[in-house]
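From a predicted model like this one, the values you see are computed outputs, not experimental measurements. Numbering of residues begins at 1 and proceeds along the displayed sequence.
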Amino acid sequence: MLQEERRQRYVEAALLLLLCLVPLLLYLPFLGTPFERDEGVYATIAQGVLDGKVPYRDLFDNKPPLVYGWYEISFLLFGESVVAPRLVAAVFLSLTAVALYNQARLVMPKPAAWISAFLFALSTGLPWVALHANTEAYMLLPLVSSLMFFTIGMKRGGNRWFFIAGLLAGMAIMTKQVAVWNLLALAVLAVVYHRRSAETRWQAVAPTVWLLAGSIITVGAVALPFAINGALDDLLYANVGYN
């Protein structure tokens, strides 16, 4: 019996690895194509940051700062080329497929989880989706992972899961602003759900407090270098006021 369970785990791990390879394989033919408009902007700002410039103050754009950070990391790892950020984006999408599988397993039967993850992995190669190395490609991993840890917290209890979910939600927000609506939806859901069973008011709101605290910490950590460089107003204007 134990041997059969071990064999099943190995098969599942192998299938997850194959699932991971789907976005990477779909990306390979297009890694070297010229940057599209948004990719060119992100790459230019990332190069500027590596040269000591401050986004928004020295080079203006209206996207959150982590997208430039992912480009910077890709340039440092693989050199300054069109391939680097797309390779990192492909890895992010591959890991997102696994995170989606884990999330689906928490709320659906295993076959449905496999179908969901496979359809997502396959969708990364659709040309009209146009993920490329855009904000969505980098945002999805922390966004789906945030939902996964939130779901674990809802099922098992424990405020640490909500805190981790908040940290990841903050990363998603600082990659693309629209992720804030996902965070707010989870916060409202946590309050509504826990009000039914909580014995005290604090127990009812504690998961939401930990969720929001995690997101505030991440957003604050990303914003801190801008505050140190006197560019916090530029960051706020570009990401809130301008939009």
For Leu140, run the side-chain contact (heavy atoms from CB on, under 4.5 Å) check against Leu93, Thr135, Thr124 and tell me which one passes. Leu93
I would like to know whether Ile164 and Trp210 meet side chain to side chain contact (heavy atoms under 4.5 Å, CB included); could you show each step before the answer? CA-CA 9 Å; Ile164 296 171; Trp210 282 101; over 6 Å; no
Residues Phe30 and Thr33: closest non-hydrogen pair is O-OG1, 2.9 Å
Within a radius of less than 6.0 Å around CZ of Phe60, do more than 12 heavy atoms belonging to other residues, nucleotides or ligands occur? yes
Do the side chain of Asp61 and the main chain of Tyr56 share a donor and acceptor less than 3.5 angstrom apart? no
Spell out, as yes or no, whether a donor-acceptor pair under 3.5 Å connects the side chain of Ser145 to the backbone of Pro142. no
Any side-chain donor paired with an acceptor under 3.5 Å for Asn134 and Glu36? yes
As a quick check of understanding, evaluate side chain to side chain contact (heavy atoms under 4.5 Å, CB included) for Phe120 and Thr96, giving each step before the final call. CA-CA 9 Å; Phe120 169 79; Thr96 302; 3.6 Å; yes
Looking at Trp161, is its backbone amide N or carbonyl O close enough to the side chain of Arg156 to form a donor-acceptor pair, meaning the two atoms are under 3.5 Å apart? no
Check whether Ile73 and Leu50 end up in the same hydrophobic cluster, where Ile, Leu, Val, Met, Phe, Trp and Tyr are linked by side-chain heavy atoms less than 4.5 Å apart. yes
Could you check Ser74 against Leu87 for side chain to side chain contact (heavy atoms under 4.5 Å, CB included), going step by step and ending with a plain yes or no? CA-CA 8 Å; Ser74 74; Leu87 189 57; over 6 Å; no
Using a side-chain heavy atom cutoff under 4.5 Å and only I, L, V, M, F, W and Y, what cluster partners does Val192 have? Val188
When rounded to the nearest 0.5 Å, the distance separating CD1 of Ile173 from CG of Asn239 is 11.5 Å
Donor-acceptor contact below 3.5 Å, side chain Lys53 vs main chain Leu59: no
Suppose we screen for side chain to side chain contact (heavy atoms under 4.5 Å, CB included). Which residues come up paired with Thr208, at least two apart in sequence or across chains? Ala187, Ala190, Val191, Leu212
Lys110, NZ: over 12 other non-hydrogen atoms inside 6.0 angstrom: yes
Closest approach of Val178 to Met139 (non-hydrogen atoms, all atoms of both residues): CG1-SD, 4.1 Å
Phe75 and Ala84 have their tightest heavy-atom pair at CD2-CB, 4.1 Å
Can any side-chain N or O of Tyr27 pair as donor or acceptor with the backbone N or O of Val22 at less than 3.5 Å? no
Can you name the residues that form a side chain to side chain contact (heavy atoms under 4.5 Å, CB included) with Leu147, not counting sequence neighbours? Gln103, Thr151, Leu186
Which heavy atom in Ala133 sits nearest to a heavy atom in Tyr71, and how many Å separate them? O-OH, 2.7 Å
What do the steps show when you test Leu189 against Phe150 for side chain to side chain contact (heavy atoms under 4.5 Å, CB included), and what is the final call? CA-CA 10 Å; Leu189 178 61; Phe150 178 86; 3.8 Å; yes
Are Pro55 and Val49 side-chain neighbours, meaning at least one heavy-atom pair lies under 4.5 Å? yes
Heavy-atom nearest pair, Phe92 first then Ala137, reads CB-O, 3.8 Å
Would you name the heavy atoms of Ala179 and Leu143 that are closest together and state the gap between them? CB-CD1, 3.8 Å
Is any side-chain heavy atom of Gln203 closer than 4.5 Å to one of His194? no
Side chain of Thr218, backbone of Leu167: donor and acceptor closer than 3.5 Å? yes
Under 3.5 Å donor-acceptor, Tyr138 side chain and Gly69 backbone: no
CZ of Phe118: more than 12 outside heavy atoms within 6.0 angstrom? no
